[in-house]
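Accompanying notes for the structure given below.
Predicted model only: the values in this text are computed from it and were never measured. One-based numbering along the sequence shown.
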Amino acid sequence: LYFTTVEGEKKTEVPNPKMTLLDPVPMFTRFDIGYHYPAYLRWKDETIANVKNPKIEAIRGTRVTLTAHANRPIREASLRFPEVAKLIPGEGIPGKPQSIRFELPPLDRDGEAQLWFSPSTVEKRSETVAIKIAVRPDNAPEVRITKPEKPEIELPANASLSVDGFATDDYGVKSMTLKMKLVSPVPQELADRPYREGKDFLRAKDKSYPIRVDYKDTQKLPELKTADGKPVELKGGEVLEYWLEALDNCDVPPAPHKGESQRQRVKILPPKKDDPNQQK
């Protein structure tokens, strides 16, 4: 402000009046998003701070802590989470009257969270803020049989079935199994053949699981058993179906995820007689 008196004297020293800008309505101004990942991933928790336009994005099973900061002291706040019947109340933060914290359920599927607050002032509650939720799935293992290369082969009833293959997973393969069943002439479930006798693939050094496991094993056909442990006698003419199954290391229900290879078949021929030159 400047002025000149009627006597012609000028005011040259300028005072410094203070001005305070108030937001016109109560609102959230920024957010902190804390991610607490499932234990099987072995990822460190992380927090993304000072987000103005929040979006929650993480793998399925992740727990999220959402801290919202407002332009008014918060009296109470609520959050509506997808497929949760009751509203989730906000938890106040000591010494920070303009901040509120929400503990969200483990992420399960895509959706949208909605939250709002009522200020301690006489003003009405804030407008609803919508936050998109994007959930990344943990995919099932991919499993392939590389040998036998043909989808259908023939073997004598007293021969052995050799199978090569592999399984890959985005976070870790926990186990593999050779699955078998008779499809002809009478359908019958057969006992599984767990790879490496069902040994868990957990690596002791760093408590992790391999992303890829190579499979190489042999099943003697005369040693086949039914699912309840009874011997199976093959005479020829039967058709055996087999495939590889892999489980990943996911521990978020309904885990683990199961992957299967293509299904291949063996036509059983009559037992092969001993070759007189075999001993030689």
Neighbour count >12 (heavy atoms, 6.0 Å) for atom [atom1], [X]:
X: N50; atom1: CG; answer: yes
X: E57; atom1: CD; answer: yes
X: R144; atom1: CZ; answer: no

- Query: Should the ring pair Y195 and Y215 be called parallel, tilted or perpendicular, given that the plane angle runs from 0 to 90° and is split at 30 and 60?
  - Reply: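 Tilted, since the angle between the ring planes falls between 30° and 60°.
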Check this for me, if you would: do [X] and [Y] make a salt bridge, where the nitrogen-to-carboxylate-oxygen distance has to be below 4.0 angstrom?
X: E123; Y: R72; result: yes
X: E83; Y: R109; result: yes
X: K216; Y: D164; result: yes
X: R263; Y: E260; result: yes
X: E112; Y: K132; result: yes

Any donor and acceptor pair, going by atom type alone, linking the side chain of [X] with main-chain N or O of [Y] inside 3.5 Å?
X: E149; Y: K147; result: no
X: E154; Y: I268; result: no
X: S261; Y: L244; result: yes
X: S78; Y: P89; result: no
X: T5; Y: E9; result: yes
X: R196; Y: F201; result: no
X: E241; Y: V183; result: no

Give, for atom [atom1] of [X] and atom [atom2] of [Y], the distance between the pair rounded to the nearest 0.5 Å.
X: N158; Y: L221; atom1: CG; atom2: CG; value: 8.5 Å
X: S99; Y: I74; atom1: OG; atom2: CD1; value: 6.5 Å
X: R136; Y: R60; atom1: CZ; atom2: CZ; value: 14.0 Å
X: Y35; Y: T65; atom1: OH; atom2: OG1; value: 11.0 Å
X: K181; Y: L224; atom1: NZ; atom2: CG; value: 15.0 Å
X: D169; Y: D138; atom1: CG; atom2: CG; value: 6.0 Å

- Under 6.0 Å between the ring centres of F28 and F117?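 So the answer is yes for these two rings.
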- Query: So do T168 and P141 actually touch side chain to side chain, heavy atoms under 4.5 Å?
  - Reply: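 In short, these two side chains do not touch, never coming nearer than 4.5 Å.
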- By salt bridge (charged side-chain N to carboxylate O under 4.0 Å, His left out) - contacts of D110 (at least two apart):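 Checked D110 against salt bridge (charged side-chain N to carboxylate O under 4.0 Å, His left out); zero matches.
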- Item | Qualifying residues under salt bridge (charged side-chain N to carboxylate O under 4.0 Å, His left out), relative to R80, sequence neighbours excluded |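 Once residues adjacent in sequence are excluded, R80 has no partner under the salt bridge (charged side-chain N to carboxylate O under 4.0 Å, His left out) criterion.
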- Kindly determine whether S162 and T218 satisfy side chain to side chain donor-acceptor pair (under 3.5 Å), including the steps that lead there. CA-CA 4 Å; S162 296; T218 300; 3.2 Å; yes
- Message: Between E46 and Y37, is the side chain to side chain donor-acceptor pair (under 3.5 Å) condition met? List the steps.
- Response: CA-CA 9 Å; E46 64 176 334; Y37 298 109; 2.5 Å; yes
Nearest non-hydrogen partners of [X] and [Y], listed with the distance:
X: E238; Y: L234; answer: OE2-CA, 3.7 Å
X: Y40; Y: I59; answer: OH-CD1, 4.1 Å
X: S208; Y: R42; answer: CB-NH2, 3.1 Å

- Message: Tell me whether R212 forms a cation-pi arrangement with F166, defined as NZ or CZ under 6.0 Å from the six-membered ring centre and within 45 degrees of its axis.
- Response: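 Satisfied, under 6.0 Å and within 45°.
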- Intermediate values then yes/no, side chain to side chain donor-acceptor pair (under 3.5 Å), Y209 and D200: CA-CA 9 Å; Y209 284 88; D200 192 297; 2.9 Å; yes
